[in-house]
Asker: 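What follows is a structure written as structure tokens; I'll ask about it next.
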Amino acid sequence: MRAFKYGDALNVKKTAENLRRIRKANGDTQIELSKKLGCTKSYLSKIELAQAIMTLEMAVRICALYGIGLDQLIIINEESLPELRIIVD
């Protein structure tokens with residue numbers, strides 16, 4: 001059994017589209033947002049083009065900046081989540 005990773009369940013393309021839409025709705029350019037987040041414009045561009053996966057820390061910072069929940073930014077591929085077992089004592 002392989003370890004579950006954050007990127008395994010992330011729908012990168014839809015999350016990228018959400019980020020772009022949210023950034024534009026708040027009137028920020030990629031340069032402005034990258035400065036606010038402390039990352040490069042190149043990294044932000046790759047995230048918006050679905051060529052890179054944003055870190056969970058970056059996602060939390062974006063959500064805090066724009067006053068949104070993670071569920072409004074991140075789209076999960078539910079079918080790729082590992083099975084959860086509930087153990088009842």
Asker: To the nearest 0.5 angstrom, please state how far the CZ atom of Arg20 sits from the CD atom of Gln30.
Answerer: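 The CD atom of Gln30 is 8.0 Å from CZ of Arg20, to the nearest 0.5 Å.
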Asker: Considering non-hydrogen atoms only, spot the tightest contact between Glu48 and Ala16 and give its length.
Answerer: O-CB, 3.5 Å
Asker: Please report the shortest heavy-atom distance between Asn18 and Gln72, naming the atom on each side.
Answerer: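 That closest heavy-atom pairing would be ND2-O, 3.4 Å.
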Asker: Nearest heavy-atom pair of Thr29 and Glu32: which atoms, and what distance?
Answerer: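 In terms of heavy atoms, the two residues are closest at N-OE1, 2.8 Å.
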Asker: Apply side-chain contact (heavy atoms from CB on, under 4.5 Å) to residues Glu17 and Ile75 and explain how you reach the verdict.
Answerer: CA-CA 10 Å; Glu17 291 168 2; Ile75 304 298; over 6 Å; no
Asker: From Ile62 CD1 over to Leu73 CG, what is the distance, rounded to the nearest 0.5 angstrom?
Answerer: 5.5 Å
Asker: Among all residues two or more places apart in sequence or in another chain, which pass the side-chain hydrogen bond (donor to acceptor under 3.5 Å, both in side chains) test with Lys36?
Answerer: Asp28
Asker: Between Val12 and Ile53, which heavy-atom pair has the shortest distance, and what is it?
Answerer: CG2-CG1, 3.8 Å
Asker: Shortest non-hydrogen contact from Leu44 to Cys39?
Answerer: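 That closest heavy-atom pairing would be CB-SG, 4.4 Å.
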Asker: So, does Ser34 use its side chain to make a donor-acceptor pair with the main chain of Ile31 at under 3.5 Å?
Answerer: yes
Asker: Testing the basics here: between Met58 and Tyr43, what is the closest heavy-atom pair and its distance to 0.1 Å?
Answerer: CE-CE2, 3.7 Å
Asker: Determine, using the 4.5 Å side-chain heavy-atom cutoff (strictly less than), whether Val60 and Leu37 are members of one ILVMFWY cluster.
Answerer: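 Same cluster: Val60 reaches Leu37 through Ile, Leu, Val, Met, Phe, Trp or Tyr contacts under 4.5 Å.
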Asker: Leu33 and side-chain contact (heavy atoms from CB on, under 4.5 Å): which partner among Asn26, Leu65, Ile22?
Answerer: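 The side-chain contact (heavy atoms from CB on, under 4.5 Å) with Leu33 is passed solely by Leu65 among Asn26, Leu65, Ile22.
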Asker: Suppose the criterion is salt bridge (Lys or Arg N to Asp or Glu O under 4.0 Å): which pairs have a residue in residues 50-59, not counting sequence neighbours?
Answerer: Glu57-Arg61
